[in-house]
There are 2 protein chains.
Amino acid sequence: MNTTKKVGRPKKFDRDQALNTAVNVFWRKGYDGASLTDLTKAIGINPPSLYAEFGDKEKLYRLAIEHYASNDACKPLVVFEDQPQIRAAVSEFLNEVIVYSTRHESGAKGCFLSSCVATTAGEVEGVQSLMKKAIESTEKRLVARFEKAKSEGELGADFPSKQRARLMFDLRQGLVFRARAGCSAASMKKELERWIDIILD
Amino acid sequence: MNTTKKVGRPKKFDRDQALNTAVNVFWRKGYDGASLTDLTKAIGINPPSLYAEFGDKEKLYRLAIEHYASNDACKPLVVFEDQPQIRAAVSEFLNEVIVYSTRHESGAKGCFLSSCVATTAGEVEGVQSLMKKAIESTEKRLVARFEKAKSEGELGADFPSKQRARLMFDLRQGLVFRARAGCSAASMKKELERWIDIILD
DNA sequence: ATTATATTATATCGATCACTACAAAATATA
DNA sequence: TATATTTTGTAGTGATCGATATAATATAAT
């Protein structure tokens with residue numbers, strides 16, 4: 001009864017797709033580097049439509065961050081949760097980090113949060129707390145996967161899930177930083193096996 | 001014979017100090033977020049002086065990056081090289097990373113390269129290669145310190161210096177990212193002992 | 001058909017951006 | 001003292017920034 005057609009001229013854009021496009025533009029150019037012209041042209045709408053839908057540039061930016069953080073835009077996490085074997089999960093997580101930070105659809109390298117949003121943490125209101133939330137939420141999911149492996153007997157009962165989740169997450173930052181600097185996927189995959197050992201003990 | 005006084009009105013600023021100030025401004029606001037007004041006011045000069053000395057904003061930015069990378073502005077590296085014992089060196093390196101990424105004179109959190117310059121890697125010409133150079137130069141110095149410890153018998157002859165240098169460097173990115181997100185120094189120091197073990201085997 | 005509603009596209013707004021022309025000021029040299 | 005040289009401070013430049021007022025357009029309801 002509420003999914004029926006609405007009165008008035010129909011929108012010519014999809015909100016989620018627009019947010020996804022906005023993420024990609026911000027990812028490539030940064031918050032200050034991305035102009036309203038960049039954003040509206042990429043989304044395919046005119047400024048008034050953008051302002052009616054998202055408020056202003058700052059609000060759009062925060063919405064883009066939330067969209068990225070919530071929408072499984074960070075594929076490595078999904079892979080990590082879905083792999084049935086824990087060692088394969090860790091391996092695929094790190095592999096996927098390398099893939100998505102070197103070949104993302106946005107054309108940008110690295111990670112949206114750590115290679116781009118981080119710059120605005122002290123400048124744009126609310127960004128720092130969004131970053132912290134994203135970190136906590138990600139670590140929580142990493143820990144949960146380790147705990148699942150423990151309950152299934154894949155990992156010992158004394159396996160320090162929280163510690164290893166943090167370790168894996170921090171190592172990830174190194175990879176996406178290298179990717180942003182232009183390091184090749186191949187060069188980053190070299191040490192991967194050793195890292196898996198370290199993470200799983 | 002060439003350190004004598006120069007003809008013409010004397011400059012009222014020091015080039016190195018100006019570059020240091022520029023680093024701090026860029027660190028806080030990012031490349032696009034830092035306006036010429038921000039920069040000239042912080043340095044204490046007028047726009048024409050800045051342009052005569054540094055060319056333009058983009059060139060100043062690249063010079064600031066080089067200044068930061070070359071001038072031991074990254075204190076953890078210096079500490080790592082100076083500590084006589086290798087375990088203390090690793091410990092002090094990580095400790096110093098946490099200190100300088102949470103309490104820097106610029107007022108900004110994180111690391112200039114990974115929390116700020118990274119954003120402009122695909123946008124400002126030459127930045128990506130400067131980042132890569134900084135990574136390679138840093139890793140070379142880390143490796144050299146490990147090799148020194150090997151030659152002094154502190155580490156076994158089979159210690160994989162290159163691998164551990166990369167590991168330590170990548171873990172560092174995690175710390176500075178957390179710092180940028182507002183994580184406290186105390187919360188980051190918790191896992192530190194474990195990390196030292198991992199790095200030194 | 002007419003009306004109400006919602007989104008569109010056009011054409012801008014003042015403010016700020018990076019940058020510079022110009023002349024006064026401060027030094028060394030002649 | 002006079003001249004050459006260099007940097008300074010003032011006062012702007014056109015361009016682009018984020019954001020909007022206005023009116024045309026496209027739908028549903030009457």
Side-chain angles (χ1 to χ4, degrees), chain A residues 1-19 21-23 25-26 28-65 116 119-120 123-127, chain B residues 1-19 21-23 25-26 28-65 116 119-120 123-127:
Chain A
M1 218 175 220
N2 51 7
T3 61
T4 50
K5 294 183 179 180
K6 284 189 304 180
V7 139
R9 182 170 174 170
K11 291 184 188 176
K12 55 176 282 195
F13 68 95
D14 175 74
R15 182 183 168 95
D16 272 1
Q17 278 180 14
L19 280 175
T21 303
V23 167
V25 173
F26 284 130
R28 259 185 283 116
K29 304 206 165 195
Y31 172 69
D32 289 297
S35 70
L36 256 292
T37 306
D38 291 331
L39 290 162
T40 53
K41 280 198 174 169
I43 299 174
I45 58 179
N46 299 110
S49 299
L50 188 148
Y51 280 83
E53 183 75 24
F54 301 113
D56 58 17
K57 188 186 175 184
E58 204 174 303
K59 282 173 191 157
L60 170 61
Y61 183 55
R62 282 191 291 259
L63 287 168
I65 296 173
C116 171
T119 294
T120 62
E123 181 199 6
V124 181
E125 202 176 298
V127 168
Chain B
M1 218 176 218
N2 51 6
T3 62
T4 51
K5 295 183 180 179
K6 282 189 306 179
V7 134
R9 183 170 175 171
K11 291 183 188 176
K12 56 175 282 196
F13 68 96
D14 174 74
R15 183 184 168 92
D16 272 2
Q17 278 181 14
L19 281 175
T21 304
V23 167
V25 174
F26 284 130
R28 259 184 284 115
K29 304 205 164 195
Y31 172 70
D32 290 296
S35 70
L36 256 292
T37 306
D38 293 330
L39 290 162
T40 53
K41 280 197 175 170
I43 298 175
I45 58 179
N46 297 308
S49 300
L50 189 148
Y51 279 83
E53 183 76 23
F54 301 112
D56 59 16
K57 188 186 176 186
E58 204 174 302
K59 283 173 191 157
L60 169 62
Y61 183 56
R62 281 190 291 259
L63 287 168
I65 296 173
C116 171
T119 294
T120 62
E123 182 198 7
V124 181
E125 201 176 299
V127 168

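Below, read A as the first sequence line, B as the second, and so on, with proteins coming before strands; counting in each chain starts at 1. Note that these values count all heavy atoms, side chains included, but never hydrogens, waters or copies made by symmetry. Being a predicted model, the structure only gives us computed values, none of them experimental.
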Asker: Please report the interatomic distance CZ(B:Phe13) to CG(B:Leu50), rounded to the nearest 0.5 Å.
Answerer: 7.5 Å

Asker: Measuring from atom OG1 of A:Thr21 to atom CG of A:Asp14, what distance do you get when rounded to the nearest 0.5 angstrom?
Answerer: 9.5 Å

Asker: For a quick check, with a 4.0 angstrom heavy-atom cut-off, what is the B/S/- contact string for nucleotides 25-30 of chain D, read 5' to 3'?
Answerer: BBBSS-

Asker: Given atom NZ of B:Lys29 and atom C1' of C:dT16, what is their separation to the nearest angstrom?
Answerer: 13 Å

Asker: Which pair of heavy atoms, one from A:Thr40 and one from A:Thr37, lies closest together, and at what distance?
Answerer: OG1-O, 3.3 Å

Asker: Looking at CD1 of B:Ile43 and CZ of B:Arg15, how far apart are the two atoms once the value is rounded to the nearest 0.5 Å?
Answerer: 11.0 Å

Asker: What distance do B:Arg28 atom CZ and B:Cys116 atom SG have between them, rounded to the nearest 0.5 Å?
Answerer: 11.0 Å

Asker: Return the nearest nucleotide to the side chain of A:Lys11; candidates are C:dA9, C:dT7, D:dT8.
Answerer: C:dT7

Asker: Tell me whether the NZ or CZ atom of B:Lys57 lies within the 45° cone about the ring axis of B:Phe26 and under 6.0 Å from its centre.
Answerer: no

Asker: Starting at OH of B:Tyr61, measure out to CG of B:Leu39 and round the result to the nearest 0.5 Å.
Answerer: 11.5 Å

Asker: Looking at A:Glu123 and B:Lys29, what are the two nearest heavy atoms and their distance?
Answerer: OE1-O, 3.6 Å

Asker: Taking NZ from A:Lys12 and C1' from C:dA6, how many angstroms apart are they, rounded to a whole number?
Answerer: 15 Å

Asker: With rounding to the nearest 0.5 Å, note down the distance linking NZ in B:Lys59 to CG in B:Leu63.
Answerer: 9.5 Å

Asker: Would you mind reading off the distance between B:Asp32 atom CG and C:dT16 atom P, rounded to a whole angstrom?
Answerer: 18 Å

Asker: At what angle, to 10 degrees, do the two end axes of the helix from C:dA1-D:dT30 to C:dA30-D:dT1 meet, given five pairs define each axis?
Answerer: 0°

Asker: Quick one about A:Ser49 and A:Asn46 (side-chain donor to acceptor, distance below 3.5 Å, no hydrogens or angles considered), yes or no?
Answerer: no

Asker: At their closest point, which heavy atom of A:Leu60 faces which heavy atom of A:Ala22, and how far apart are they?
Answerer: CD1-CB, 4.1 Å

Asker: Check each residue of residues 41-65 of chain B for a non-hydrogen atom within less than 4.0 Å of any atom in DNA chain C, then write out the ones that pass by number, or none.
Answerer: B:Pro47, B:Pro48, B:Tyr51, B:Asp56, B:Lys57

Asker: Need to verify one output field. Residue with the more 5' nearest nucleotide on DNA chain C, A:Phe13 or B:Gly33?
Answerer: A:Phe13

